[in-house]
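Here is the structure we will look at.
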Amino acid sequence: MAAQAAAAAQAAAAAQVAAAQAAQAEAAESWYLALLGFAEHFRTSSPPKIRLCVHCLQAVFPFKPPQRIEARTHLQLGSVLYHHTKNSEQARSHLEKAWLISQQIPQFEDVKFEAASLLSELYCQENSVDAAKPLLRKAIQISQQTPYWHCRLLFQLAQLHTLEKDLVSACDLLGVGAEYARVVGSEYTRALFLLSKGMLLLMERKLQEVHPLLTLCGQIVENWQGNPIQKESLRVFFLVLQVTHYLDAGQVKSVKPCLKQLQQCIQTISTLHDDEILPSNPADLFHWLPKEHMCVLVYLVTVMHSMQAGYLEKAQKYTDKALMQLEKLKMLDCSPILSSFQVILLEHIIMCRLVTGHKATALQEISQVCQLCQQSPRLFSNHAAQLHTLLGLYCVSVNCMDNAEAQFTTALRLTNHQELWAFIVTNLASVYIREGNRHQEVLYSLLERINPDHSFPVSSHCLRAAAFYVRGLFSFFQGRYNEAKRFLRETLKMSNAEDLNRLTACSLVLLGHIFYVLGNHRESNNMVVPAMQLASKIPDMSVQLWSSALLRDLNKACGNAMDAHEAAQMHQNFSQQLLQDHIEACSLPEHNLITMAHHLCSSKLRMDLTPAWPAFSEALLACVPNLDPTLELSGNKTTRVSTSPSPLSRAE
């Protein structure tokens with residue numbers, strides 16, 4: 001009996017201890033939940049009360065909470081400070097503590113790897129890339145049993161290498177990710193990794209590796225059965241790579257079937273409703289871009305195509321739609337890719353304005369480019385060469401050839417992109433040709449470097465056709481008319497093969513000019529009339545001005561007084577429009593930018609003005625290539641498809 005009584009007493013004491021511990025845990029739970037609730041309330045207030053949110057979270061630590069609560073609270077504080085304040089030092093301190101503590105806690109992957117991911121972002125923002133890389137490598141090494149985080153961290157480190165222009169390392173990581181996704185049974189994420197790798201290979205011009213990779217991607221995309229929006233987004237990614245590959249090669253006609261498929265695909269996506277059912281495989285918890293971003297991207301590649309093909313009114317129409325959509329998105333979304341889209345769209349529409357005779361409007365649109373680029377040093381750095389190129393083209397359009405030379409020379413120093421280099425050199429050669437005998441030695445050197453008959457530096461069909469045109473222009477100015485005709489006929493053959501309408505119009509009018517000089521009025525008329533028709537369709541004001549002058553002189557020479565008068569009236573109208581636009585553009589304060597031949601990134605621009613630039617020389621119509629890694633690697637900006645839990649969610 002005594003033994004039973006003792007056992008009963010011990011059991012009662014144990015029950016009391018357990019009850020006391022439960023009460024203590026319940027009290028701890030209540031204070032923690034109360035502080036967390038207050039913090040979340042302040043964070044989600046309108047406007048957010050971040051200081052009070054931070055105070056509530058900091059109040060957790062005096063209670064000496066368990067490690068799980070301590071680590072999560074450090075992560076929450078670091079996240080709030082990183083996203084909502086400029087106090088990067090405190091944010092870094094809290095994230096480092098979250099990362100350190102969470103590594104000591106078993107089965108605490110979400111906090112551990114989110115801390116690593118966010119901390120590496122912060123390191124990169126502080127230009128401490130050397131600290132970010134080993135952190136991500138360690139997180140990748142210990143996350144192999146957590147498919148979602150392992151894939152996400154691989155994407156993140158690949159993105160970091162890409163921003164550093166280390167595309168080889170980035171491709172290696174994406175290849176590792178593709179194989180890992182295959183092993184864990186995620187064909188969807190395998191396709192994302194492979195498409196991202198294909199994008200980088202296109203940037204590196206490794207076409208022999210790109211073609212089999214894209215073929216494999218096409219098979220995976222077609223065979224994968226899953227969420228319709230995810231499937232269509234993979235198809236959009238795949239088609240965007242195909243379209244940009246064609247456009248980069250200057251194959252404007254060949255790209256049409258792919259572009260049509262892409263446009264149909266984005267229409268399909270826009271009709272689909274977001275499915276909130278989460279994938280069963282955690283490795284599938286990614287998407288490439290939000291569908292609203294994809295819509296803007298499809299507008300963008302359509303604008304690029306229309307610009308190269310010479311459908312400038314169509315380019316302006318889609319640019320207006322895209323910019324309107326971007327303005328709406330930027331009210332709710334501060335993603336840097338939206339600024340990249342906006343800059344590239346503006347670069348193209350500025351070239352359209354200059355071709356169609358709206359230089360003053362182009363100047364004010366360039367003001368937006370300057371402002372956007374000054375908000376992001378990386379964006380400015382990535383677009384500096386394009387901006388100087390566009391400024392050089394603007395100088396050509398207002399006949400400021402010395403300034404054009406200075407801008408093109410600066411742009412050449414700032415780029416190592418082959419297509420952009422060839423584009424700049426071809427335009428610089430056209431400047432020297434128009435300047436006469438001042439730069440003969442340099443001109444001969446440039447023409448040899450872009451000789452389309454042999455050793456042309458790039459594979460772009462459009463740029464090679466433009467190089468033939470420039471050779472024809474040079475021969476024309478030298479009085480070697482038969483040689484000029486040979487080059488221009490080669491341009492016509494190439495431009496007709498790929499529907500390069502503006503090059504076709506330029507070549508026709510120059511051929512017409514040559515035949516006029518040679519006294520072959522009938523053949524001249526056969527060239528100039530279709531040039532005028534095509535220029536009106538584009539519309540290209542400079543070619544229309546040139547064609548109308550030739551038609552006037554041709555009809556005079558042939559005794560067609562009425563037709564000569566009509567052509568003279570057209571010429572007068574075009575001259576007046578261009579002169580008025582010229583005066584308006586040159587009177588803007590932004591016109592002074594043409595004297596800035598040094599790197600714009602180092603200049604102190606007055607942004608209370610509305611700066612601007614670009615244009616297009618009569619010789620060329622290739623689009624300025626995009627070199628912005630933010631855009632190129634948008635596919636690596638992967639996020640969970642599921643609605644993310646509150647950053648202030650409770651600890652388990």
Side-chain angles (χ1 to χ4, degrees), residues 86 125 163 293 296-297 299-300 303-304 307 315-316 318-354 358-395 397-398 403 407 410-411 414-415 420 584-615 623-632 634:
K86 295 182 179 180
Q125 191 180 75
L163 294 176
H293 292 197
V296 175
L297 180 57
Y299 278 136
L300 173 56
V303 168
M304 293 169 67
M307 184 70 211
Q316 292 184 38
Y318 282 107
T319 298
D320 291 342
K321 287 185 176 182
L323 290 174
M324 189 180 303
Q325 182 76 3
L326 276 171
E327 287 304 316
K328 293 178 183 176
L329 289 173
K330 291 181 79 171
M331 292 178 186
L332 305 171
D333 188 349
C334 59
S335 172
I337 197 174
L338 296 179
S339 295
S340 297
F341 287 162
Q342 191 172 359
V343 167
I344 299 165
L345 282 163
L346 286 169
E347 287 174 350
H348 284 78
I349 196 60
I350 286 161
M351 292 190 285
C352 288
R353 305 283 193 216
L354 290 158
H358 299 94
K359 291 184 281 292
T361 305
L363 281 172
Q364 296 181 359
E365 287 169 334
I366 280 291
S367 164
Q368 294 177 254
V369 176
C370 284
Q371 291 172 3
L372 285 167
C373 289
Q374 287 200 330
Q375 292 168 15
S376 167
R378 190 172 71 223
L379 194 61
F380 212 145
S381 174
N382 289 332
H383 286 265
Q386 289 95 317
L387 293 176
H388 280 287
T389 302
L390 294 170
L391 184 51
L393 293 170
Y394 169 73
C395 293
S397 75
V398 292
N403 299 111
Q407 295 299 333
T410 300
L414 294 174
T415 187
L420 182 57
E584 185 180 352
C586 293
S587 65
L588 292 173
E590 295 79 17
H591 181 74
N592 292 327
L593 285 172
I594 69 172
T595 63
M596 298 171 61
H598 55 288
H599 192 343
L600 286 169
C601 293
S602 63
S603 63
K604 302 294 183 182
L605 299 180
R606 281 175 52 85
M607 297 314 299
D608 52 323
L609 303 176
T610 37
W613 339 333
C623 295
V624 175
N626 166 60
L627 297 180
D628 181 17
T630 307
L631 172 62
E632 299 287 357
S634 57

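FYI, side chains are in, hydrogens and waters are out, and symmetry mates aren't considered; it's all heavy atoms of this structure.
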May I have the step-by-step check of side chain to side chain contact (heavy atoms under 4.5 Å, CB included) for Leu345 and Tyr299, ending in yes or no?
CA-CA 9 Å; Leu345 282 163; Tyr299 278 136; 5.5 Å; no

Give the C-alpha distance, both sets of side-chain angles, the deciding distance and a yes or no for side chain to side chain contact (heavy atoms under 4.5 Å, CB included) between Val343 and Asn382.
CA-CA 11 Å; Val343 167; Asn382 289 332; over 6 Å; no

I would like to know whether Glu584 and Lys359 meet side chain to side chain contact (heavy atoms under 4.5 Å, CB included); could you show each step before the answer?
CA-CA 8 Å; Glu584 185 180 352; Lys359 291 184 281 292; over 6 Å; no

Test Leu372 against Leu346 for side chain to side chain contact (heavy atoms under 4.5 Å, CB included), laying out the working first.
CA-CA 11 Å; Leu372 285 167; Leu346 286 169; 4.1 Å; yes

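Annotation: the span from Met351 atom CE to Leu354 atom CG amounts to 9.5 Å, rounded to 0.5 Å. For the atom pair CD1 (Ile344) and CD1 (Ile349), the distance works out to 14.5 Å, reported to the nearest 0.5 Å. In this structure, the separation between CG on Leu390 and NE2 on His383 is 10.5 Å, given to the nearest 0.5 Å. Taking NE2 of His591 as the start and SG of Cys395 as the end, the distance is 7.5 Å to the nearest 0.5 Å. To the nearest 0.5 Å, the span separating OH on Tyr394 from CG on Asn403 amounts to 10.0 Å. Distance CD/Glu347 to CD/Gln386: 5.5 Å, rounded to 0.5 Å.
Scanning both residues, Ala360 and Leu588, for their nearest heavy atoms gives O-CD1, 3.9 Å.
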Compile the donor-acceptor pairs under 3.5 Å between side chains in residues 319-331 and protein atoms, sequence neighbours left out, one pair per line.
residue : atom : partner : partner atom : Å
Thr319  : OG1  : Ala315  : O            : 2.7
Glu327  : OE2  : Gln342  : NE2          : 3.4
Lys330  : NZ   : Gln342  : OE1          : 2.7

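Listed by chain and residue number, nothing satisfies the ring pair (Phe, Tyr, Trp, His ring centres under 6.0 Å) test with His358 (two or more places apart in sequence, or in another chain). In terms of the side-chain hydrogen bond (donor to acceptor under 3.5 Å, both in side chains) criterion, residue partners of Asp333 (sequence neighbours excluded) are, by chain and number, His293. Gln125 is linked by a side chain to side chain contact (heavy atoms under 4.5 Å, CB included) to Tyr82, Leu122, counting only residues two or more places apart in sequence or in another chain.
At a threshold of 4.5 Å between non-hydrogen side-chain atoms, the residues Gln371 and Gln374 do not count as touching.
No side-chain donor-acceptor contact under 3.5 Å links Ser381 to the backbone of Pro377.
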